[in-house]
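Structure first, then comments.
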Amino acid sequence: RSSLGFSIDGVVYKVNRIDLQERLGFRDREPRWAIAQKFSPERGQTHIKFISISVGRMGALTPIAELEPVNVGGVLVSRATLHNQDEIERKDFRVRDLVVVQRAGDVIPQVVSVLIDKRPLDAEPFIFKNRCPSCHSVAIREPGEAVWICIASLKCPAQLLERLIHFASRDAFDIEGLGEKNIELFFKEELLKSPADIFR
């Protein structure tokens, strides 16, 4: 795999005779004469430098592991989602921990586990604050839910920015040339404060 001049995430084995393929036939959606095998994701080890909080367009607060950059399958990984507070507590992620990182589906960076036996003495447990890091409004976590939500809605700059990015994205208005970097710049310069400003 590593000797190829291109990336692959698995192989497909096929019966190499047309007459046997015809005898074996098809299931609902796949042939009986072929089978796919995915490779295990490539992994690396690195340290969690600190844990930041990302604010989504609907106010969800997501913990992000800021990592010492590590090469995983030819890609430099320096950030990965930790999903939510429960996941951090379940896997016992701490700041300065040595962790195992992989790219799920060979694409999305993911912190798999902590190397507990190599935990430094100064590793700090992460305390999830009930305040939004962007607008400092109260964040709530409904009973039975895993996610903390900032209640400020469009008064929260991070939520407003994320909604503007979504508004112009391919899944919404699909505005060519108005990508994430341009929106961030226009938002910072206070040229964009709402979707209506795009049309002005």
Side-chain angles (χ1 to χ4, degrees), residues 7 9 41-42 44 46-91 93 95 99 101-112 126-142 144-200:
S7 296
D9 64 354
E42 291 187 40
T46 188
H47 286 92
I48 296 177
K49 294 194 293 186
F50 62 95
I51 297 173
S52 63
I53 299 291
S54 169
V55 184
R57 67 187 165 95
M58 301 306 286
L61 306 184
T62 304
I64 306 289
E66 305 292 345
L67 307 164
E68 295 283 350
V70 60
N71 192 316
V72 181
V75 173
L76 206 59
V77 174
S78 59
R79 306 179 87 218
T81 179
L82 297 177
H83 302 291
N84 55 53
Q85 180 181 0
D86 292 347
E87 185 77 351
I88 290 174
E89 290 170 0
R90 188 173 68 80
K91 293 188 174 177
F93 293 130
V95 175
V99 292
V101 179
Q102 71 181 23
R103 286 166 57 223
D106 278 345
V107 180
I108 300 160
Q110 180 180 53
V111 183
V112 181
F126 178 71
I127 309 300
F128 215 109
K129 297 181 176 73
N130 65 341
R131 292 275 170 185
C132 172
S134 175
C135 66
H136 309 292
S137 296
V138 172
I140 59 167
R141 183 179 173 186
E142 297 288 348
E145 294 292 325
V147 179
W148 286 87
I149 304 286
C150 167
I151 63 168
S153 191
L154 293 179
K155 290 180 182 157
C156 174
Q159 284 185 65
L160 181 54
L161 175 61
E162 288 299 320
R163 288 188 193 193
L164 287 168
I165 290 167
H166 175 72
F167 186 89
S169 73
R170 190 177 297 143
D171 291 336
F173 270 66
D174 195 14
I175 302 173
E176 209 169 303
L178 190 60
E180 193 170 326
K181 294 292 177 204
N182 282 337
I183 291 174
E184 285 173 359
L185 174 64
F186 297 151
F187 186 76
K188 186 179 170 189
E189 298 293 326
E190 298 187 358
L191 296 169
L192 277 184
K193 292 182 181 176
S194 77
D197 294 333
I198 295 170
F199 301 100
R200 288 197 200 98

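Note that these values count all heavy atoms, side chains included, but never hydrogens, waters or copies made by symmetry. Worth saying up front: this structure is predicted, and the values here are computed from it rather than measured.
Nearest approach of Arg79 to Pro109, heavy atoms of both residues: O-CB, 3.4 Å. Shown here for Ala65 and Val111, the closest heavy-atom pair between the two residues is CB-CG2, 4.2 Å. Considering all non-hydrogen atoms of both residues, Ala158 and Ser134 come closest at N-OG, 3.2 Å. The minimum heavy-atom distance between Thr62 and His83, with the atom names listed, is CG2-O, 3.9 Å. Taking all atoms of both residues into account, the shortest heavy-atom contact from Ala60 to Val147 is CB-CG1, 3.6 Å.
Salt-bridge formation is not detected for the pair Asp86/Lys91: no Lys NZ or Arg NE/NH1/NH2 atom is positioned less than 4.0 Å from an Asp or Glu carboxylate oxygen.
With a 4.5 Å cut-off on side-chain heavy atoms, Cys150 and Leu61 count as touching. Between Lys49 and Glu68, some side-chain heavy-atom pair lies under the 4.5 Å cut-off. Between Ser153 and Arg163, the closest side-chain pair of non-hydrogen atoms falls below 4.5 Å. Residues Val70 and Leu76 have side chains not in contact (no heavy-atom distance under 4.5 Å, counting atoms from C-beta outward). Proximity of Pro63 to Thr81: side-chain heavy atoms (C-beta onward) are nowhere separated by under 4.5 Å. Looking only at side-chain heavy atoms (C-beta outward), Ile51 and Leu82 come within less than 4.5 Å of each other. Taking 4.5 Å as the limit, some side-chain heavy atom of Val77 sits within range of a side-chain heavy atom of Leu67.
For Lys129, the NZ atom sits in a loose shell: 12 or fewer heavy atoms of surrounding residues, nucleotides or ligands are nearer than 6.0 Å.
How far CG of Leu160 is from NZ of Lys155: 12.5 Å, rounded to the nearest 0.5 Å. Here CG of Asp171 is found 6.5 Å from NE2 of His166. Values are rounded to the nearest 0.5 Å. Rounding to the nearest 0.5 Å gives a distance of 5.0 Å between OG of Ser54 and CD1 of Ile64. Atoms CG and SG, on Leu161 and Cys156 in that order, are 9.5 Å from each other to the nearest 0.5 Å. For the atom pair Leu164 CG and Leu154 CG, the distance stands at 9.0 Å (nearest 0.5 Å). Between Arg57 atom CZ and Phe167 atom CZ the span is 12.0 Å, to the nearest 0.5 Å.
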Taking it one step at a time, do Val55 and Cys132 satisfy side-chain contact (heavy atoms from CB on, under 4.5 Å)?
CA-CA 8 Å; Val55 184; Cys132 172; 4.0 Å; yes

In sequence, state the C-alpha distance, the side-chain angles, and the governing distance for Gln110 and Gln102, and then conclude on side-chain contact (heavy atoms from CB on, under 4.5 Å).
CA-CA 5 Å; Gln110 180 180 53; Gln102 71 181 23; 2.8 Å; yes

Would you sort out whether Met58 and Glu162 count as a side-chain contact (heavy atoms from CB on, under 4.5 Å), showing the intermediate values?
CA-CA 8 Å; Met58 301 306 286; Glu162 288 299 320; over 6 Å; no

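There is a side-chain donor-acceptor pair under 3.5 Å between Ser52 and Glu66.
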Donor-acceptor pairs under 3.5 Å, side chain of residues 181-197 to any protein atom, not counting sequence neighbours: which ones?
from   : atom 1 : to     : atom 2 : distance (Å)
Asn182 : ND2    : Gly177 : O      : 2.8
Ser194 : OG     : Ala196 : N      : 3.3
Asp197 : OD1    : Arg200 : NH1    : 2.3
Asp197 : OD2    : Lys193 : N      : 2.6
Asp197 : OD2    : Ser194 : N      : 3.0

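Phe126 pairs by the ring pair (Phe, Tyr, Trp, His ring centres under 6.0 Å) definition with Phe128, not counting sequence neighbours.
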